[in-house]
There are 2 protein chains.
Amino acid sequence: MVTNSTKKGEMKCPVTGLLQLIGGKWKPVILYCLRSEKRRFGEISARIPDLSRKVLTEQLKELEEDGLVIRKQFNEIPPRVEYELTVLGKSLAPVLHEMEKWGMENIINK
Amino acid sequence: MVTNSTKKGEMKCPVTGLLQLIGGKWKPVILYCLRSEKRRFGEISARIPDLSRKVLTEQLKELEEDGLVIRKQFNEIPPRVEYELTVLGKSLAPVLHEMEKWGMENIINK
DNA sequence: TGAATTAGTTACCATTTGGTTACTGCTATT
DNA sequence: AATAGCAGTAACCAAATGGTAACTAATTCA
């Protein structure tokens, strides 16, 4: 049965559950961007030019709240902030990798 | 570089590309629901109770337009319509399976 | 006769999400 | 004195998404 509920313990569909964490329009792309290196805010923004900085901020905050990303702020001038995957975030690697593979085979240059 | 463009041939990010096909809130769940069997409209709807029939119709139409799902209509009364994955749709199995696995390990009963 | 059945569609509305522009604070550079 | 650099915020607006309720058609069942 493909069902879900708001309470975690009652969640019945694993796919629905995962989508609640990374279901946004940009979240998989952001995680994919962070998959192997920590990156600064401006770096992520430059790599995903179609994503506005405002939305990027929001999505990163949600990813942080959901325990997928760590935000490290350095109190320097000019400011520096680095984003990095948590262990949980890194555990999404196989999912992202399959997404990447499928995209490579079925979309890029097709 | 994680970039994308509207033209398929110019798409540079495989993840963004995949998301344009299955990036909706419900699409992965619908595909997951069809992964092993063809199903009737009402069956899918019953398995995803939080998804309204209107939205299900819309999403199935988009999936059909994108070549991931086949719609078979039998001109009977009462009407019968069956949905089934195409070859391309079936090729998403590894992606959906990794999603399912991650959900099982990290969300269900956690 | 009248209800139930299925897979929708239509009209309408509410919510969520996404996007643009301008602005901040502090320092170093020109 | 003005500007650039970074990582945002705030105010505002537009678009996408999601949801509800009522309606349809033709046949079967009670």
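Throughout, a chain's letter reflects where its sequence line sits, starting with A, and its residues are numbered from 1. This structure is a prediction, so every number in the text was calculated from the model and none was measured.
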Contact nearer the 5' end of DNA chain C, comparing A/Leu51 with B/Phe41: B/Phe41
Listed nucleotide nearest any side-chain atom of A/Val81, set C/dG19, D/dA7, C/dT9: D/dA7
Main-chain N/O of B/Cys33 paired to B/Arg39 side chain as donor or acceptor, under 3.5 Å: yes
A/Ile70-A/Val81 co-clustered via ILVMFWY side chain contacts under 4.5 Å: no
Short side-chain N/O contact from A/Arg53 to OP1 or OP2 of C/dG18, under 4.0 Å: no
Protein-nucleotide distance (A/Glu43, atom CD; D/dG5, atom C1'), rounded to Å: 15 Å
Sugar-phosphate only, base, or nothing, as touched by A/Arg80 at under 4.0 Å among non-hydrogen atoms: sugar-phosphate
Options C/dG8, C/dT6, D/dT9, nucleotide nearest the side-chain atoms of A/Thr57: D/dT9
Integer-rounded Å distance: D/dT17 P and B/Ile30 CD1: 13 Å
Side-chain donor or acceptor of B/Ser45 paired with backbone N/O of B/Arg53 under 3.5 Å: no
Spacing of A/Lys25 atom NZ relative to D/dA16 atom P, expressed in whole Å: 8 Å
Qualifying residue, where the test is side-chain contact (heavy atoms from CB on, under 4.5 Å) with B/Gln59 and the options are B/Leu31, B/Ile30, B/Val29: B/Ile30
Sidechain N-carboxylate O distance under 4.0 Å for B/Lys61, B/Glu65: no
Protein-nucleotide distance (A/Lys54, atom NZ; C/dG19, atom P), rounded to Å: 9 Å
Sugar-phosphate, base or nothing in reach of A/Tyr83, heavy atoms under 4.0 Å: sugar-phosphate
Phosphate OP1/OP2 of C/dA7: any B/Arg40 side-chain N/O under 4.0 Å: yes
Separation of atom CG in A/Leu56 from atom P in D/dA7, rounded to whole Å: 11 Å
A/Trp26 CH2 - D/dA16 C1' separation (whole Å): 14 Å
Length of the CD-P vector between B/Gln59 and D/dA16, whole Å: 14 Å
Interatomic distance, A/Glu58 CD vs D/dA10 P [rounded to whole Å]: 11 Å
N or O in side chain of A/Lys61 less than 4.0 angstrom from D/dT9 OP1/OP2: yes
